There are 2 protein chains.
Amino acid sequence: MKTQNIPKATIKRLAVYIQVLSGLKRDGVEVISSEKLARACSVNPSQIRKDLAYFGEFGVRGVGYYVHELISSIKHSLGVDRVWGCALVGVGNLGRALLRHKEFALRGFSIRAAFDCDPYKIGEIVSGLEVVCTRQLKGRVDEFGLEVGIITTPPERAQRAANYLVDGGIKGIVNFAQARIQVPKEVTVEYVDFTHHFYSVAFNISSAD
Amino acid sequence: MKTQNIPKATIKRLAVYIQVLSGLKRDGVEVISSEKLARACSVNPSQIRKDLAYFGEFGVRGVGYYVHELISSIKHSLGVDRVWGCALVGVGNLGRALLRHKEFALRGFSIRAAFDCDPYKIGEIVSGLEVVCTRQLKGRVDEFGLEVGIITTPPERAQRAANYLVDGGIKGIVNFAQARIQVPKEVTVEYVDFTHHFYSVAFNISSAD
DNA sequence: AAATGTATGTGAAAAAATGAACAATTAATG
DNA sequence: CATTAATTGTTCATTTTTTCACATACATTT
């Protein structure tokens, strides 16, 4: 095990491993080798072993990895073996969809508060959660245990949403808005952009001879 | 300009450039240097110039890049300067959200058909589109000009959805389902997984000292 | 308990991506 | 029309990431 700075690509792959391992577990598979797991994930077997080596030794030589145990180990390594409280800012179409999306809670990301600056939306109940004025955000961070911010505003309001989150002491933001945001360097921002995937597919189709 | 195989990371960044450049254009900026654009995108200026160099020479030395022109050039390079017809398979919560999401059409990805295998959903109208039995997919590919598949099924049905798309002659798939799929190598698959971004944020917060 | 087969963990090599540096080119200025 | 200032396109060095190869370790069999 090494305490280097871990590549972002590794984190991304670990998420894939969890996904595939969870599927294997559903199918009753108890042990798997890096080679078979690699095939299912479309990566190189060494890659998997190396990725895991950043965090510890989880396998048994000559045997492989115990599926259930490995899932737990990876989740623990990533810090997702607990529930994270999330604050959503921007109750538009996308925001509503995320509030209703059950998958997040299942994976340990519990949306506990929804904020919007539109007076017509404030007070509305979406998926059992009351929409609150964004100005109230700071005051609810501790009360609701909000740790991660989710921005689902239109692009022009993304920066303001980010400011509210940062001001509230939030240290991690997942930004679904179509805009870059500026935050202090101690705050982590992840940009979610579906269109990039579409562009990638379009490019690949286009450039196939 | 070089005709090498272009890194996936470059494609991803090009999408970011388009996003930021579009914002600049909205704000009336006509010319921008790689340095300023780089700052807005949180990347290195050389990186931008290098990424663009894969596709041509779009700048003017001593001046910079003409914003509007650069957007067009990048879009053309990616093959997204036209409309792509899309088929969505799986009309659940996420599928419905995507069908209602106007952003896709704005960016050139027009969802022209929605498929599901659930008899209760077939015939339903979602966002002006009738839900059709997935078996009908192949027959509608040509008629509707379907080129890109979007999978929004539960994980256990993702592979079947992929099979229908591949069988229909679709060459590019954007997979929102929580499962890996197997397709012939001439078919491009992009996996969309929000949770990866959440994991990344959780990991960063956790490992911050 | 020795031998055998298997699959991990890791160090070294190869490949790829990034960043710095600079020559080339343009516009503006005197 | 030469000079200056600015900024691109591109080469080269550096860093990072990926892949290979093998010693190490475990389980099973004889």
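In this text, all values refer to a predicted model and were calculated from it rather than measured experimentally. In what follows, chains carry the letters A, B, and so on, assigned in the order in which the sequence lines appear, proteins first and then strands, with residues in each chain numbered from 1.
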**Request:** Name the closest nucleotide to the Ala9(A) side chain, picking from dT19(D), dT8(C), dT18(D).
**Result:** dT18(D)
**Prompt:** Arg13(A) or Arg49(A): which one's nearest nucleotide on DNA chain D is closer to the 5' end?
**Reply:** Arg13(A)
**Message:** With nearest nucleotide decided by heavy atoms, which residue, Asp51(A) or Leu52(B), maps closer to the 5′ end of DNA chain D?
**Reply:** Leu52(B)
**Item:** Atom-to-atom span, CD of Glu57(B) to C1' of dA23(C) - whole angstrom
**Value:** 14 Å
**Asked** Is a side-chain N or O of Asp167(A) found less than 3.5 angstrom from the main chain of Asn163(A), in a donor-acceptor match?
**Response** no
**Request:** Respond yes when some side-chain nitrogen or oxygen of Ser34(A) is under 4.0 Å from OP1 or OP2 of dA7(C), and no when none is.
**Result:** no
**Asked** Of the nucleotides dT19(D), dT18(D), dG9(C), which one has an atom closest to the side chain of Tyr65(A)?
**Response** dG9(C)
**Atom-pair distance (CG on Leu37(B); P on dT7(D)), nearest Å** = 13 Å
**Message:** Please classify the nucleic acid contact of Ser46(A) as base, sugar-phosphate, or nothing, using heavy-atom distances under 4.0 Å.
**Reply:** base
**Request:** Applying ring-ring contact (aromatic ring centres under 6.0 Å, His included) between Phe194(B) and each of Phe176(A), Phe109(A), Tyr191(A), report the one that passes.
**Result:** Phe176(A)
**Request:** For Thr10(A), answer base if it contacts any base atom (sugar-phosphate contacts may also be present), sugar-phosphate if it contacts only those atoms, and nothing otherwise; contact means non-hydrogen atoms under 4.0 Å.
**Result:** nothing
**Request:** Before giving the answer on side-chain contact (heavy atoms from CB on, under 4.5 Å), spell out for Trp84(A) and Ile205(B) the whole-Å C-alpha distance, their side-chain angles and the decisive distance to 0.1 Å.
**Result:** CA-CA 11 Å; Trp84(A) 289 82; Ile205(B) 298 179; 3.9 Å; yes
**Item:** Separation of dT10(C) P from Lys50(A) NZ (nearest whole Å)
**Value:** 9 Å
**Item:** Protein-nucleotide distance (Arg61(B), atom CZ; dA24(C), atom C1'), rounded to Å
**Value:** 5 Å
**Item:** Glu147(B) with Arg82(B): basic N within carboxylate O range, under 4.0 Å
**Value:** yes
**Asked** How many Å lie between CG on Leu70(A) and C1' on dA7(C), as a whole number?
**Response** 14 Å
**Item:** Exercise: do Asp193(A) and Gln178(A) side chains pair donor with acceptor under 3.5 Å
**Value:** yes
**Request:** Specify the separation, in whole Å, of atom CD of Gln47(A) and atom P of dT19(D).
**Result:** 5 Å
**Complete:** Between CZ of Phe58(B) and P of dG9(D) the distance, given in whole Å, is 9 Å
**Message:** Please report the distance, rounded to the nearest Å, between OH in Tyr17(A) and P in dT8(C).
**Reply:** 12 Å
